[in-house]
Amino acid sequence: MEKSKENHFDLIYQVVRLIPEGKVTSYGAIASYLGLKSGARMVGYAMNASHTQMDIPAHRVVNRNGVLTGKHHFSQPEEMQQKLEAEGLQIEKDQIKDFNTHFWDPNELELDH
DNA sequence: GCAGTGACGTCTT
DNA sequence: GAAGACGCCACTG
């Protein structure tokens, strides 16, 4: 059979890749979209493995508070904030300003609402 | 196989 | 309102 564990990671990568520029989302939102109840931690773990996938804009994924929790895991921590600012976002003390305004939810993709 | 840890989130004190 | 503890699942040692 297949490597089911990779399946989980791949799903998370797909969602993160769909994040548009200037937008950010939270681990819980991705977990909810994938149906992971407490997957928030799992999502974060997958992001750690995302280092193998350079196509994963992990800098657009922050915690529920809009804080760059994983900035320290980047090749260069400051690069995460730099990229977010380059996309038109404002970072204040490792925290995204107007996070609610720039918040992007993957659930609205299929939800034609 | 057990114990510890982790890019989080929610509940309780 | 803030801080601490727990839960949940996956990976490493």
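Here is how names work: the chains are called A, B, and so on, in the same order as the sequence lines, proteins then strands, and each is numbered from 1.
Judged purely by atom type and a 3.5 angstrom limit, N65(A) has no side-chain atom pairing as donor or acceptor with the backbone of V67(A).
Across the protein-nucleic acid pair, Q53(A) atom CD and dA7(B) atom P stand 19 Å apart, rounded to whole Å. When the P atom of dA7(B) is taken as reference, atom CZ of F74(A) falls 13 Å away, rounded to whole Å. A straight line from CG of L36(A) to P of dG6(B) spans 21 Å, rounded to a whole angstrom. Summarising the geometry, the separation between CE on M80(A) and C1' on dA7(B) is reported as 8 Å, rounded to the nearest angstrom. Atoms CE (M47(A)) and P (dA7(B)) sit 12 Å apart, rounded to a whole Å. The separation between I30(A) atom CD1 and dC9(C) atom P is 19 Å, rounded to whole Å. When the P atom of dA7(B) is taken as reference, atom OH of Y13(A) falls 14 Å away, rounded to whole Å. Y45(A) places its OH atom 14 Å from the C1' atom of dC8(C), with the value rounded to the nearest Å.
Note on E79(A) versus K83(A): salt bridge recorded, some NZ/NE/NH1/NH2 to OD/OE distance being below 4.0 Å. Between E87(A) and R60(A) there is a salt bridge, since at least one side-chain N of the basic residue sits less than 4.0 Å from a carboxylate O of the acidic one.
When heavy atoms are screened at a 4.0 angstrom cut-off, A46(A) is found touching no nucleic acid atom at all. Note on N48(A): a base of the nucleic acid sits closer than 4.0 angstrom, heavy atoms only.
The side chain of R64(A) sits closest to dT10(B) out of dA10(C), dA7(B), dT10(B). For M42(A), taking side-chain heavy atoms from C-beta onward, the closest of the listed nucleotides dC11(C), dC9(C), dA7(B) is dC9(C). Distances from the side chain of T69(A) to the nucleotides dG9(B), dA7(B), dC11(C) place dA7(B) closest.
In this structure, the separation between CG on L18(A) and OH on Y13(A) is 14.5 Å, given to the nearest 0.5 Å.
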